[in-house]
Structures are given as C-alpha cells and as structure tokens.
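Structure first, then comments.
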Amino acid sequence: MHWPDPAQRARIVDIRDNIIARIAEAEREGWLGEVEGLQTTLAGANDKLSQIDRRAPRTVDLPMPTPHNQPPKSDVRGR
C-alpha cells in the first residue's frame with residue numbers, strides 16, 4: 001500500500017478545502033453529476049488526511065525515572 005507523504009498534509013488540506021468550495025458551487029448551480037463526482041474526490045482527500053494522521057508520531061507523557069541508588073523516602077510519619 002502506498003502511504004501519503006506527511007510533508008504533503010498542508011497541500012492535501014488546501015485541495016480538500018478547494019473541493020468543498022467546488023461542491024458548494026456545483027450545488028448552487030444545480031450540477032448534480034458534478035456534485036457526486038466531487039464528493040467522491042472529497043472522500044479520497046479525507047481518507048489521505050486520515051492516513052497521515054494515523055501514522056503521525058505521537059508523544060507519550062512518561063514519568064521521570066528515579067535513580068536506583070537513592071535511599072527510599074520516609075513514610076508520612078517522618079521516620
């Protein structure tokens with residue numbers, strides 16, 4: 001399977017936004033066949049964006065490690 005290039009995400013967003021504007025125009029003009037074709041193209045653009053987002057690296061919040069050579073902390077009673 002060919003994965004879309006994450007570096008092209010902004011370009012794909014621009015294309016998707018243009019397709020949405022073209023769908024609105026086609027609906028205003030009553031071009032029903034054009035609307036259907038553009039909706040298929042829009043689904044493809046949205047799918048590419050989803051693929052990029054699913055494969056994007058995610059950050060994970062991990063706690064700071066404690067060194068093993070430190071003495072254990074005293075309990076709450078101060079012992």
Side-chain angles (χ1 to χ4, degrees):
M1 174 181 249
H2 179 270
W3 294 98
D5 181 4
Q8 296 296 316
R9 189 178 194 293
R11 181 175 170 269
I12 296 170
V13 168
D14 288 342
I15 291 169
R16 183 206 51 199
D17 293 347
N18 181 267
I19 294 167
I20 291 169
R22 290 175 56 199
I23 289 171
E25 177 187 15
E27 287 173 340
R28 277 193 314 273
E29 299 297 327
W31 303 331
L32 301 180
E34 185 74 10
V35 170
E36 187 175 333
L38 288 168
Q39 287 173 338
T40 301
T41 305
L42 178 61
N46 284 330
D47 185 52
K48 285 180 188 256
L49 290 171
S50 294
Q51 288 176 29
I52 290 171
D53 292 343
R54 279 194 309 266
R55 294 181 52 89
R58 305 221 189 308
T59 57
V60 177
D61 188 21
L62 298 175
M64 289 296 294
T66 55
H68 294 289
N69 60 355
Q70 287 185 348
K73 293 183 179 182
S74 62
D75 65 13
V76 289
R77 291 178 282 185
R79 291 196 233 170

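The analysis underlying the following values was restricted to heavy atoms, covering all of them including side chains, and did not include hydrogens, waters or symmetry mates. Along the sequence shown, residues are numbered consecutively beginning with 1.
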So how far is it from K48 NZ to D5 CG, rounded to the nearest 0.5 Å?
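One finds 10.5 Å between NZ of K48 and CG of D5.
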
Gap separating the CG atom of N46 from the CD1 atom of I19, nearest 0.5 angstrom:
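Those atoms lie 8.0 Å apart.
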
Remaining members of V13's ILVMFWY cluster at a side-chain heavy-atom cut-off under 4.5 Å?
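Reading the cluster by chain and number, V13 sits alongside I12, L49, I52.
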
Looking at I23, N18, D47, which hits side-chain contact (heavy atoms from CB on, under 4.5 Å) with L42?
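One option only clears the test, and that one is I23.
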
Salt bridge (Lys or Arg N to Asp or Glu O under 4.0 Å): which pairs involve residues 8-28, sequence neighbours left out?
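Passing the test, one end in residues 8-28: R9-D53, R22-E34.
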
